[in-house]
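Notes to accompany the following structure.
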Amino acid sequence: MVKIRLKRFGTKKRPFYRVVVMDAREPRDGRCIEELGTYQPIAAEGSQVKIDAERAKYWISVGAQPTDIVAKLLTKQAK
């Protein structure tokens with residue numbers, strides 16, 4: 001199964017995430033199929049989420065399941 005989920009980067013207490021398409025069996029920071037965007041929870045409110053919406057829609061249309069957090073981020077960016 002393919003999932004759209006977060007891949008953690010950054011240092012301790014300074015997280016930075018990439019929104020990626022991965023096989024569900026891969027570890028959290030393992031090999032990904034495609035990177036769709038970024039999420040910076042510490043950044044200013046308007047610049048936290050940057051996701052390529054067209055690619056995300058494509059992956060969802062071919063059966064990729066977004067995690068709960070990624071689904072919230074997609075709706076947050078769409079507003």
Side-chain angles (χ1 to χ4, degrees):
M1 180 194 299
V2 178
K3 289 198 173 260
I4 302 173
R5 63 185 190 185
L6 297 176
K7 186 174 183 179
R8 191 180 197 282
F9 287 88
T11 60
K12 186 176 181 181
K13 297 188 180 183
R14 301 281 302 167
F16 172 82
Y17 299 95
R18 289 185 187 162
V19 180
V20 296
V21 179
M22 300 179 79
D23 188 338
R25 296 170 291 193
E26 291 285 333
R28 178 193 70 185
D29 296 336
R31 186 173 45 104
C32 68
I33 299 170
E34 182 178 356
E35 293 181 5
L36 300 179
T38 60
Y39 170 53
Q40 298 175 341
I42 297 177
E45 188 65 32
S47 64
Q48 288 181 341
V49 180
K50 294 178 185 167
I51 300 174
D52 186 355
E54 289 182 23
R55 290 302 294 167
K57 287 179 187 175
Y58 164 76
W59 279 106
I60 291 170
S61 72
V62 295
Q65 296 292 318
T67 59
D68 294 337
I69 294 173
V70 172
K72 287 179 186 178
L73 292 176
L74 288 170
T75 57
K76 182 177 182 180
Q77 183 184 2
K79 289 181 182 180

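Just so we're clear, the structure is a prediction, and the values are computed from it rather than from any experiment.
Hydrophobic clustering of Ile, Leu, Val, Met, Phe, Trp and Tyr side chains at less than 4.5 Å, counting indirect connections, keeps Val49 apart from Phe16. Hydrophobic clustering of Ile, Leu, Val, Met, Phe, Trp and Tyr side chains at less than 4.5 Å, counting indirect connections, keeps Val2 apart from Val20.
Contact between Lys13 and Ile42 at its shortest, heavy atoms only, is O-CD1, 3.8 Å. The shortest heavy-atom contact between Ala71 and Pro66 is N-CB, 4.3 Å. Taking every heavy atom of both residues into account, Met22 and Pro27 meet most closely at CE-O, 3.3 Å. Minimum interatomic distance between Lys7 and Gly30 (heavy atoms only, all atoms of both residues): NZ-O, 2.9 Å.
For the atom pair CG of Leu36 and CH2 of Trp59, the computed distance is 8.5 Å after rounding to the nearest 0.5 Å. Separation of atoms CZ (Arg18) and NZ (Lys50) is listed at 13.5 Å; rounding is to 0.5 Å.
The existence of a salt bridge linking Glu35 and Arg55 is excluded, since no basic side-chain nitrogen approaches an acidic carboxylate oxygen closer than 4.0 Å.
Side chains of Arg5 and Glu26 form a contact here, defined as non-hydrogen atoms less than 4.5 Å apart. Proximity of Ile4 to Thr67: side-chain heavy atoms (C-beta onward) are nowhere separated by under 4.5 Å.
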Verify side-chain contact (heavy atoms from CB on, under 4.5 Å) between Leu73 and Leu6, making sure each step is shown before the conclusion.
-> CA-CA 11 Å; Leu73 292 176; Leu6 297 176; 4.1 Å; yes
Under the side-chain contact (heavy atoms from CB on, under 4.5 Å) criterion, do Leu74 and Ile51 qualify, and how do the steps go?
-> CA-CA 7 Å; Leu74 288 170; Ile51 300 174; 3.8 Å; yes
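Applying the 6.0 Å contact sphere to CZ of Arg8 captures more than 12 heavy atoms from other residues, nucleotides or ligands.
Gln48 contributes a side-chain N or O that, together with a main-chain N or O of Pro41, makes up a donor-acceptor pair within less than 3.5 Å.
Ring planes of Tyr39 and Tyr17: parallel class, angle under 30° (limits at 30 and 60°).
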